[in-house]
Amino acid sequence: MSEHLHNVARLAAGFAAPLGAEECAFCCGILHDLGKYSEAFRHRILDNGPRVDHSTAGAQTLCDEMKNGLARLMAYCIAGHHSGLPDGGTASDTAAAPTLMGRLKKAVPDYSDGLQELSIPPVLPKNPPPLSVVNGGFTMAFFTRMLYSCLVDADFLDTEAFMADRPPQREMGEPLPDLWQKLSQHLQTFYPPKNPLNQKRCGILDDCQRAAEEAPGLFSLTVPTGGGKTLSSLAFALKHAIKHGLQRVVYVIPYTSIIEQTAQVFRDILGDENVLEHHSNVCFRQEEEDEVTAAELASENWDAPVVITTNVQFFESLFSNRSSRCRKLHNIARSVIIFDEAQMLPRDYLLPCVGAITELCVNCGCTAVLCTATQPALDPFFPASCRPREICQNTDALYQFFRRTQLLSIGERTDAQLAAELTETPQVLCIVNSRVQAQTLYQLLPPEGRFHLSTLLYPSHRKRILKAIRNRLKDGLSCRVVSTSLIEAGVDVDFPLVYRSEAGLDSDIQAAGRCNREGKRPLEESLVKLFIPEERYRKHLPSALRTPLEVARLVAARQEDLASPQAIHDYFSQLFYLQRPMLDRKEILPSFERGARNLLFPFAQIAAEFHLIESPTQTVLIPLEEEAAQLSEDLQLGFFSRERLRKAGLYSVNIYQNQFRALWDSGRLEQLTEGLYLLNDLDCYSEEMGLTANVEAGDALFA
């Protein structure tokens, strides 16, 4: 026991060094398993006795010995190192309550042998961590979660090392200076630039390398589509990290489709072993019985030089209370964090996310970069001490140079009118707001070269369709695509003409990124036509889409060029002003502030409520392809595993409750596990339209 506690303490202290909290982490490590010194726990180990609460003892001892606020923050970590950070509760909680206040009153088996062996008072922290209190209770709660991460990762690693009989080291990849050498060699191929386009791209790259010398903190990188921001931002990140002794680079990206593209670019330059891709669709092993890979181990605590992940994985981990999700957090400290497509930061949780970015920069030694072509006017939400510094020196000139399309409002269009106009152009993309309209328009187009894309097609199927689309575009063949907004999520396609159902200005500009993407056509011939759909589609538009649309109309009335940096700033400023009450929809920041006085924070409650994707959907596995059919057989036999469930996501469709009910009531679904169902009638899945329903209730829902 003593060996384990001191091992964990030393590891945790090392992890907490970027926070200046080594003493706190060491103390947590020594005390976290204090309850294992009881006779009851010996009986549990030697005689397979009943489970014993061994976490509460250390928390109680800490609060008895220190009797201050810092002790309470550390007590959360110790009490929750297995079960998760608890809610603070209230002073009136009884010993039966699962809160921290309840746990501190709980009777636990005698552990006095541990107090004598460990000599507790000398390990108590003598100096408080050097926190800059930016957001009151939020700062204290954020620090607690980072300290918790140090403790639980150290505990995991030492236990794993003991079981494997080896030291607790499992780093993935090469040192950052080696990666910079690889990237630098690749970048040399761009110099000297051979044409005006490459001159501008090299100018952006030069700006990024110049800014890398600046002090750590918060930056913005505003680069138009085609400006090469992926490699330029990586150059900034690696050079800045080496200059300031930061430990890794983390890319946070809204969609898996962008992640896969970015990860492949980075692997080609830096090598597979240096890039960790971590999101729900990643499968680290081909078969369950295969040996655990270095990447799979690194995904548990992000111990890799370059990590690429999603907004969901990143922010939900930062607001989680579970050890399995929080153990990676300390490895975010002293990192360069690139938020790609920063305009896609989750709107309903924008203020808590901005608060988290602020804490990472101010108290965790990070540098963060808000990277996008459409900078979302976030300056007012950051404190004065942490305002973003723009990396590019002349964003207005860059916009004018890289401008490739014109946005043109064309008024209302019926489906029939749209179909007629789309038919007149051999290669055209039409983006609509609903899956119903996407299916309707698709059926009105000539069969040759038409494509339909929506989330009613499972991801692997969509990938095949996109490949066919790119091939036809490349070969100059007819290619008419009707899609929902999913195609705006960084999908690399290039159409001469795009139609977009009116939406928020950020969506309009994302749609424009699919038009004349390579810049090979004249500006005046590369149109993005914004249309108003039929009333039947408009009347059911949810407020989350309606408000951005209305703000875009207001901006259009006063801005001549809708895609200009001025129009974008105007749009986001107005949108955030109107949506201010909804930018922290779950009132997460006020929840932490209410607990600030007594340091009683609702960790478990916030973790249960903080979900970036909250659509009430059910997942349906489509067993059409060979691998999907094998997965369905395995799952039907009860062979569940993380890898199988991840692979199932590649062949699954998420559907809303009314659609789910139509299929379930008609007997076309079989439940595999909670939230996952098998489609047992493949006539309900179309190669062209995706998941449909041939029952009366379903026809109206899916038509």
Side-chain angles (χ1 to χ4, degrees), residues 16-21 24 69-70 73 127-147 207-208 210-222 233 236-237 240-241 243-247 249-250 252 314-315 318-319 329-330 332-339 342-343 345-346 349-372 375-393 395 569 572-573 576-577 580 583-584 588-593 595-597 599 601:
L19 311 173
C24 294
L70 182 57
L73 299 183
N127 302 297
L131 281 179
S132 296
V133 180
V134 182
N135 293 308
F138 187 82
T139 293
M140 298 300 178
F142 197 90
F143 166 77
T144 303
R145 200 179 282 103
M146 295 297 286
L147 184 64
D207 282 348
C208 286
R210 172 194 52 77
E213 303 289 329
E214 296 185 21
L218 182 61
F219 292 83
S220 59
L221 177 58
T222 309
S233 63
F236 168 88
H240 184 81
K243 167 75 175 177
H244 299 287
L246 307 188
Q247 59 184 1
V249 175
V250 180
V252 185
F314 186 83
F315 287 111
L318 283 172
F319 287 87
L329 300 185
H330 72 87
I332 299 175
R334 293 198 62 77
S335 295
V336 182
I337 311 165
I338 309 292
F339 293 96
Q343 79 282 356
L345 288 174
Y349 298 92
L350 186 62
L351 297 184
C353 290
V354 165
I357 295 170
T358 301
E359 293 298 328
L360 289 169
C361 291
V362 173
N363 286 312
C364 300
C366 293
T367 284
V369 183
L370 305 173
C371 183
T372 178
Q375 207 57 246
L378 294 176
D379 289 31
F381 302 124
F382 287 100
S385 60
C386 189
R387 293 281 169 83
R389 292 164 275 168
E390 176 56 48
I391 290 175
C392 286
Q393 294 185 329
T395 55
H569 188 275
F572 278 113
S573 298
F576 291 157
Y577 174 79
R580 183 66 188 243
L583 300 183
D584 184 4
I588 288 167
L589 295 183
S591 294
F592 284 121
E593 294 315 307
R597 181 176 179 182
L599 301 180
F601 300 119

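Side chains are part of it too, since the values below use all heavy atoms of this structure and drop only hydrogens, waters and symmetry mates. The shown structure was predicted, so the numbers you read here are calculated from the model rather than taken from an experiment.
Arg387 contributes atom CZ, which lies 6.5 Å from atom CG of Asp379 (distance to the nearest 0.5 angstrom). Rounded to the nearest 0.5 Å, atoms CZ (Phe319) and CD1 (Ile588) are 6.0 Å apart. The line from CG of Leu147 to CG of Leu329 is 11.5 Å long, rounded to the nearest 0.5 Å. Rounding to the nearest 0.5 Å places OG of Ser335 at 9.0 Å from CG of Leu360. How far CZ of Phe381 is from CG of Leu350: 6.0 Å, rounded to the nearest 0.5 Å. Rounded to the nearest 0.5 Å, atoms NE2 (His244) and OG1 (Thr367) are 6.5 Å apart.
In this structure Ala333 satisfies the side chain to side chain contact (heavy atoms under 4.5 Å, CB included) test together with Pro18, Leu19, Met146, Cys364, sequence neighbours excluded. Partners of Ser591 by side chain to side chain donor-acceptor pair (under 3.5 Å), not counting sequence neighbours, listed by chain and number: Arg594. Listed by chain and residue number, Glu23 satisfy the side chain to side chain contact (heavy atoms under 4.5 Å, CB included) test with Asn127 (two or more places apart in sequence, or in another chain). Ser385 meets the side chain to side chain contact (heavy atoms under 4.5 Å, CB included) test with Pro383; sequence neighbours excluded.
Counting heavy atoms from C-beta outward, Val252 and Ile337 have side chains that approach closer than 4.5 Å. Taking the side chain as every heavy atom from C-beta outward, Val369 and Ser233 never approach each other to under 4.5 Å. Taking 4.5 Å as the limit, some side-chain heavy atom of Cys392 sits within range of a side-chain heavy atom of Leu221. Side-chain contact check for Val362 versus Phe382: every heavy-atom pair is 4.5 Å or farther apart. By the 4.5 Å heavy-atom criterion applied to side chains, Phe339 and Cys371 are not counted as neighbours. Side-chain contact check for Leu378 versus Leu345: some heavy-atom pair is nearer than 4.5 Å.
Results of the side chain to side chain contact (heavy atoms under 4.5 Å, CB included) test with Leu589 over Leu583, Leu351, Val354 single out Leu351 as the only residue that passes.
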Pairs of donor and acceptor atoms involving the side chains of residues 134-142, under 3.5 Å and at least two apart or interchain, shall be tabulated with distances.
from, atom 1, to, atom 2, distance (Å)
Thr139, OG1, Val134, N, 3.2
Thr139, OG1, Asn135, N, 3.0
Thr139, OG1, Glu359, OE2, 2.6

Using residues 213-220 as the side-chain source, report each donor-acceptor pair under 3.5 Å to any protein atom, sequence neighbours left out, with the distance given to one decimal.
from, atom 1, to, atom 2, distance (Å)
Glu214, OE1, Arg389, NH1, 3.4
Ser220, OG, Glu390, OE1, 2.8

Val250 vs Val336, side-chain contact (heavy atoms from CB on, under 4.5 Å): CA-CA, chis, key distance, verdict: CA-CA 6 Å; Val250 180; Val336 182; over 6 Å; no
Chi angles and distances behind the side-chain contact (heavy atoms from CB on, under 4.5 Å) call for Phe143, Leu73: CA-CA 9 Å; Phe143 166 77; Leu73 299 183; 4.2 Å; yes
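In this structure a side-chain-to-backbone donor-acceptor pair under 3.5 Å is missing from Asn363 to Leu131. Remark: the backbone N or O of Tyr349 is not paired with any side-chain donor or acceptor of Asp584 at under 3.5 angstrom.
In the displayed structure, Arg580 atom CZ is contacted under 6.0 Å by at most 12 heavy atoms of other residues, nucleotides or ligands.
Shown here for Ala377 and His569, the closest heavy-atom pair between the two residues is CB-CD2, 3.9 Å. Annotation for Ala342 and Pro376: closest pair O-CG, 3.9 Å, computed over non-hydrogen atoms. Of all the heavy atoms in Cys208 and Ile391, the pair that sits closest is CA-CG2, 3.7 Å.
Using a 30° and 60° split on the angle between ring planes, His240 and Phe236 fall in the parallel class, below 30°.
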